[in-house]
Number of protein chains: 2
Amino acid sequence: MKTREKIIYEALSLFSVHGYDAVTIREIASKVGIKESSIYNHFKNKQDILNKIIEETLKRYYSTLENVKVPESEDDNVSELYDNITDDTFLDICTKIFLFYLKDDYISKLRRLLTIEQYGNEEIGETFRYVFIDRVLETQRQVLQKFIDSGRFIQGDAYTMALHFYSPVFLLLYKYDNCPENEEQAIMELKMHVSQYNAIYRRNSIEREERNL
Amino acid sequence: MKTREKIIYEALSLFSVHGYDAVTIREIASKVGIKESSIYNHFKNKQDILNKIIEETLKRYYSTLENVKVPESEDDNVSELYDNITDDTFLDICTKIFLFYLKDDYISKLRRLLTIEQYGNEEIGETFRYVFIDRVLETQRQVLQKFIDSGRFIQGDAYTMALHFYSPVFLLLYKYDNCPENEEQAIMELKMHVSQYNAIYRRNSIEREERNL
DNA sequence: AACTTATACTAACAATTGTTAGTAAAAGCA
DNA sequence: TGCTTTTACTAACAATTGTTAGTATAAGTT
């Protein structure tokens, strides 16, 4: 890892725990293994480090999303894919995504950083709400709307259904944020949630066939 | 308001936005209208202010809860009370509680303060998770268990049902934290959630009578 | 090899930090 | 009233802050 990347990483690590103001340039430099003045060869000032951290970690996050994304050329192949997976496979997929958000070094630290700084900086507050609340809800709403339209899910308001799916995930992230030793408990609670959610909202194939007659 | 209370209030207000480290003794003193050295007539040091803020605001919060609490002498009078209120009344009660958490000056600032400081201070992290996650979930789990046992709610895991009820509230608090102008939207989303929740989990009286035969 | 650019260093700066000592006025109490 | 305690003030402190100037070395380019 080059010096610039190291600075980004170490600053992200420190900011995400103590917050922007509580971390000094000297602490960051020390973690990187250089003197504080050398930081200024890579960044304009302290604020610039924070800006670049958010910018670049978000870019990293979005490109990660692109890689796991289902190709969206066909209008409802997401729904078709969903037909072909069992409840257990779906649980495993949800668990993997949850653990990614909970434990991925960069994304979990970014979430904590934005969480910490959301009130002190309006732009960061907007970013936090967009990335970790509104954007996720909107994406899920769109998918759920397709599931409702194709009869895979029961009738209802797609947004509220997205809220019902994502909110427990959101809460569990904060509940188990600082407790890596309780990871198994976290996964268990998540699976209980997803199972119950499926039982409530998902139409089984028999129901769907009856409906299609 | 006496000087000591003023310090508590102004420090809470500042800490809850910028975080503990970013706020200076001089800023707090300035808001109160005194010089920085006078602070030390009321608190041992800066850390002491933070400790007392959390301690006393929590006390304030718990005593508020006591006042709205249903008397828990009889083992299932919560359930009986729940029978006598309509869905609309229940919606209004939920809305009021939600708005209390979202807008009460002290409790909303305390939540933001604990949110901001949860990662930098292990004890605060524990307090945050206990007060705003675990404690709420446990309380609701107990109530829901009674509702399940008495047939007012459908069978299922009470903890997961509590998670399904509280998580959207938790998320909405953060979604609308900094947006007082969107309060109506927040209430609407909350009501959609609670309505849907009732439709899913609550047995109507007809179902209940059938079950009791 | 000569030259340019990037990077790291030492040293220093002005400003700000939490905190203390000493003092005078105000409040509470006998 | 006189006495004690509380509270607010001024002034100062040592430490730490973000940042800059100047310099030497390493890396990259021609």
Side-chain angles (χ1 to χ4, degrees), chain A residues 1-57 109 112-114 116-124, chain B residues 1-57 109 112-114 116-124:
Chain A
M1 204 159 35
K2 298 197 77 177
T3 301
R4 208 196 101 102
E5 293 173 71
K6 275 192 205 169
I7 296 172
I8 291 274
Y9 177 74
E10 298 294 347
L12 171 60
S13 301
L14 288 167
F15 287 161
S16 67
V17 173
H18 306 99
Y20 175 77
D21 284 281
V23 174
T24 70
I25 296 277
R26 280 166 181 83
E27 284 179 272
I28 300 170
S30 165
K31 285 274 181 188
V32 175
I34 57 177
K35 289 290 169 185
E36 68 268 18
S37 55
S38 303
I39 298 268
Y40 293 86
N41 285 322
H42 302 275
F43 298 93
K44 211 181 86 196
N45 52 29
K46 193 186 173 186
Q47 182 66 47
D48 188 38
I49 304 179
L50 180 62
N51 295 340
K52 295 289 158 53
I53 282 179
I54 295 176
E55 188 182 309
E56 292 171 27
T57 311
K109 283 173 179 170
R112 292 175 205 180
L113 169 57
L114 298 185
I116 287 181
E117 300 295 330
Q118 65 179 312
Y119 305 115
N121 180 315
E122 210 168 313
E123 200 185 329
I124 294 186
Chain B
M1 203 158 33
K2 300 197 73 177
T3 302
R4 208 195 102 100
E5 293 173 72
K6 274 193 206 168
I7 296 172
I8 291 272
Y9 178 75
E10 298 295 347
L12 171 60
S13 301
L14 287 167
F15 287 161
S16 68
V17 173
H18 305 101
Y20 175 76
D21 285 281
V23 174
T24 70
I25 296 276
R26 280 166 181 83
E27 284 179 272
I28 300 170
S30 165
K31 285 274 181 189
V32 174
I34 57 177
K35 289 290 170 185
E36 68 268 19
S37 55
S38 303
I39 299 269
Y40 293 85
N41 285 323
H42 303 275
F43 299 93
K44 210 181 87 195
N45 51 31
K46 193 186 174 186
Q47 182 65 47
D48 188 38
I49 304 178
L50 180 62
N51 295 341
K52 294 290 158 51
I53 283 180
I54 296 176
E55 190 183 306
E56 291 171 27
T57 310
K109 282 171 180 170
R112 290 173 206 181
L113 169 57
L114 298 185
I116 288 181
E117 300 294 332
Q118 65 178 313
Y119 304 116
N121 181 316
E122 210 168 311
E123 202 186 328
I124 295 187

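Only heavy atoms go into these numbers, but all of them, side chains included; no hydrogens, no water, no symmetry mates. All figures in this text were calculated on a predicted structure; none of them were measured in a lab. Just so it is clear: chains get the letters A, B, ... in the order the sequence lines come, proteins before strands, and each one is counted from 1.
Put simply, the side chain of L50(B) reaches to within 4.5 Å of the side chain of I124(B), judged on heavy atoms. The side-chain heavy atoms of F15(A) and R112(A), taken from C-beta on, include no pair separated by under 4.5 Å.
Atom NE2 in H42(B) sits about 16 Å away from atom C1' in dT20(C), given to the nearest Å. Going from atom NZ of K35(A) over to atom P of dT25(D) covers 18 Å, rounded to whole Å. The CG-C1' distance, from D48(B) to dT19(C), rounds to 14 Å in whole Å. Atom CD of E36(B) is separated from atom P of dA12(D) by 14 Å (rounded to the nearest Å). As rounded to whole Å, 11 Å separates atom P of dA8(C) from atom CZ of F43(A). Atom CD1 of I39(A) and atom P of dT17(D) are 13 Å apart (whole Å). Between the C1' atom of dT16(C) and the CD1 atom of I25(B) lies a distance of 13 Å, rounded to the nearest Å. The NZ-C1' distance, from K2(B) to dT6(D), rounds to 9 Å in whole Å.
When each of D48(B), N45(B), I7(B) is paired with I39(B), the side-chain contact (heavy atoms from CB on, under 4.5 Å) condition holds for I7(B) and for no other.
The base of dT10(D) sits with one of its N or O atoms less than 3.5 Å from a complementary donor or acceptor on the side chain of S37(B). Under 3.5 Å, the side chain of N41(A) and the base of dA8(C) form at least one donor-acceptor pair of N or O atoms.
Counting non-hydrogen atoms under 4.0 angstrom, V23(B) reaches the backbone sugars and phosphates but no base. Nucleic acid contact class of T24(A) (heavy atoms, under 4.0 Å, all strands): sugar-phosphate only.
At distances below 3.5 Å, at least one donor-acceptor pair connects side-chain atoms of Y20(B) with backbone N or O atoms of Q47(B).
At least one side-chain nitrogen or oxygen of S38(B) sits closer than 4.0 Å to the OP1 or OP2 atom of dC9(D).
Applying the Watson-Crick and G-U wobble criteria (two distances, each under 3.5 Å), dA30(C) pairs with nothing in any strand. Here dT20(C) sits opposite dA11(D) as a Watson-Crick or G-U wobble pair (both hydrogen-bonding atom distances under 3.5 Å).
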Using side-chain hydrogen bond (donor to acceptor under 3.5 Å, both in side chains), reason through Y9(A) and K31(A) one step at a time and then give a plain yes or no. CA-CA 10 Å; Y9(A) 177 74; K31(A) 285 274 181 188; over 6 Å; no
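Closest to the side chain of T3(B), out of dG18(C), dA8(D), dA12(C), is dA8(D). Between dT19(C), dA8(D), dT20(D), one nucleotide has an atom nearer to the side chain of R26(B) than all others, and that is dT19(C).
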